[in-house]
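One structure is given here, and the rest of the page talks about it.
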Amino acid sequence: MPAGVTPGDAAGVGVRVDRFLDRVRDRVRDRVRDRVRDRVRDPVRDRVREALGRGPVLVVAHAHVLRVLAAYWLALPLQQGSAFPVQVGHLCVLSNEHDLATIALWNAPPPVSRRDPAALPRAAGTPQRSRAPPGARGDTLVSRGDPARARTTRRTSPMTTQDKRADMLVHQQEPYNAEPPLGALAGAPLTDVATFYSRNHGPVPDLDPRTWRLVVDGLVQRSLELSLGDLRERFAEHTLPATLQCAGNRRSGLIAERDIPGEAPWRGGATSTATWTGVRLADVLAAAGLSDDAAHVCFEAPDVSDIPSPPQPYSVSVPVAKATSTEVLLAWGMNGEPLTPLHGAPLRVVVPGWIGARSVKWLTRVTAAVEPSPGHFQATAYRLLPPGADPATATDADGPQLGPVALNCEVLFPAEGARVEVGPTTVTGYAYAGEDRRVVRVDVSVDAGATWREADLDAGGGPWTWQHWRLSVDLDAGEVEVVARAWDSTGALQPERAADLWNPKGYVNNSWAHARLRVG
Ligand code: MTE
């Protein structure tokens, strides 16, 4: 037991997490947690509640375990992550291991300084690798890895997210991961900043644009160090409308087929479109003199994620051919305004047509290299893996790194679960083909796919954006299932079933979109 921890009666309570999860996960996922809470007596839960009555409790468990625990024991809303209110209890994640076998409870506040995660207690069987407690309050510095970096990395302050609309569906507060309700995207070719989804793997870094510099190095003839002023003065400014889509967009449809523990159940709102203003990465690379040996361009940012073990800053890459294309921007502006901290200020990469993960926010380094980035979010995560693969150790042998976005679509209005009146309704949605493809046709069915009609399709805001579609339909009373499917300029049609697309990380659910409505 580490110094400073006073074990309460609950200390030492342990259950086999895997068996425990098997027992309750389905029930929780089916949203019957209230009934579970009332009807099932669980001795562990009872002891947790008893311990909570005496003060804060430290729970040591994997993030997805905490999600279940929160719903099951504490009747908190299901959410990924772990920043639960302190008056309810301190819930701390110390391990990122899937096979953590016990849940340890201490009837005490987090026992040691948050600046020293290594000193935190370990549950029986918990591997050495540890994480800082995510329930830390305020602007506590996250001290990991390079201390110079840690100085610029703070927990996401509420100021950073306050410009988001109040009805965002927040999958995780820290790091902040949220999408708008689908209806908020309807009829808007450009997404305002308040509505634009946000995907983060670590806390938002606190960068001062006056001292911030971009380093360009690696396989170049001359390394560069550029301020924002240098970028504005030395290179031509370009503005481009482009859609960003997270690879996890519509993951909830895959989770409905089979659970994906530890991953946020994004709906179709992890897709948004803005105009981006900045300079072409190609121009900056040309100024540095890209070497012929360079095959990949790596992007680094100072936000430290504790998803990999040990934690590491965000770093990914794109092949040189994409990096030097005219559409890839180093952007400081979004919808005509300066980038907000949450969306990458002072400078982010925008890689139109590719999964959002490659559009690195808070960019500080661009490195030309022979190989793709060795960073976790390139080398391990964001791969399309077969169902049996272990996502924690994935390599090229297991499945390809994701790049260009796959053809996809979503019904935005009326959205899943809506109640609508009998009679005429206009069904609307988006379709997005990714990379240099365009959507050429969208079919809509209001009888669960038995018959189809072609929707009216917008041209979109240019070659790199989604296209919105709409169709007037007459709805009869009862349950109606709207289905939409898109075709692209290569003649490809979206796959029909999410079940065929299930993969361990829940990426690229581009199956036909469904919205079940109650009419009348
Ligand atoms: N860049 C950094 N530095 N850190 C991140 O966590 N997330 C990526 C990308 N760039 C990420 C990042 C992912 S997965 C997506 S989908 C987009 O940012 C989301 O951009 P947004 O938050 O501006 O919508």
Side-chain angles (χ1 to χ4, degrees), residues 81 149 152-153 156 160-161 163-164 168-172 174-180 185 191-207 212 214 242-251 263-264 266 268-276 298-308 311-318 328-335 337-366 373 375-378 380-383 401-403 405 408 432 434 505-508:
R149 284 206 161 106
T152 61
T153 305
T156 308
T160 322
T161 55
D163 59 358
K164 289 294 166 195
M168 289 295 271
L169 173 58
V170 179
H171 294 294
Q172 197 176 8
E174 180 58 59
Y176 185 73
N177 282 296
E179 64 183 302
L185 297 172
T191 315
D192 55 57
V193 173
T195 306
F196 207 102
Y197 82 96
S198 183
R199 172 74 178 107
N200 301 289
H201 296 83
V204 172
D206 184 18
L207 301 176
W212 170 91
L214 176 67
T243 296
L244 289 191
Q245 182 165 100
C246 187
N249 188 50
R250 300 185 64 216
R251 178 181 289 131
E263 299 292 339
W266 294 95
T271 306
S272 301
T273 301
T275 59
W276 306 97
C298 307
F299 308 124
E300 276 182 36
D303 53 318
V304 178
S305 170
D306 59 9
I307 294 169
Q312 57 172 263
Y314 195 84
S315 168
V316 296
S317 58
V318 295
V328 176
L329 295 185
L330 302 179
W332 56 72
M334 181 177 181
N335 289 345
E337 301 287 335
L339 274 182
T340 60
L342 192 59
H343 289 292
L347 193 82
R348 79 177 296 169
V349 189
V350 175
V351 184
W354 281 47
I355 59 164
R358 307 294 174 235
S359 289
V360 175
K361 302 188 273 192
W362 315 296
L363 185 69
T364 49
R365 187 178 288 267
V366 171
S373 165
H376 173 85
F377 297 99
Q378 183 76 39
T380 308
Y382 293 104
R383 286 182 183 276
Q401 294 174 342
L402 294 169
V405 172
N408 213 333
Y432 180 47
K505 290 287 280 183
Y507 297 137
V508 200

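Ligands are counted one by one from 1 in listed order, and the atoms in each one are counted from 1 as well. By convention here, the first residue in the shown sequence is residue 1.
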*What class does the angle between the rings of Tyr382 and Phe377 fall in, given that below 30° is parallel, 30 to 60° is tilted and above 60° is perpendicular?*
tilted

*So do Leu347 and Trp212 actually touch side chain to side chain, heavy atoms under 4.5 Å?*
yes

_Residues around ligand 1, heavy atom under 4.0 Å from any ligand atom, sorted by chain and number. Can you pull those?_
Phe196, Tyr197, Ser198, Arg199, Asn200, His201, Cys246, Ala301, Asp303, Tyr314, His343, Arg348, Gly356, Ala357, Ser359, Val360, Lys361, Trp362, Tyr382

*List the steps, then state whether side-chain contact (heavy atoms from CB on, under 4.5 Å) holds for Trp332 with Arg348.*
CA-CA 7 Å; Trp332 56 72; Arg348 79 177 296 169; over 6 Å; no

*Nearest 0.5 Å, what's the NE2-CD distance between His201 and Gln172?*
9.5 Å

*Asn200 CG to Thr161 OG1 distance, which is reported to the nearest 0.5 Å*: 10.0 Å

*Using side chain to side chain contact (heavy atoms under 4.5 Å, CB included) as the criterion, point out the one residue from Thr243, Leu244, Thr191 that pairs with Thr271.*
Thr243

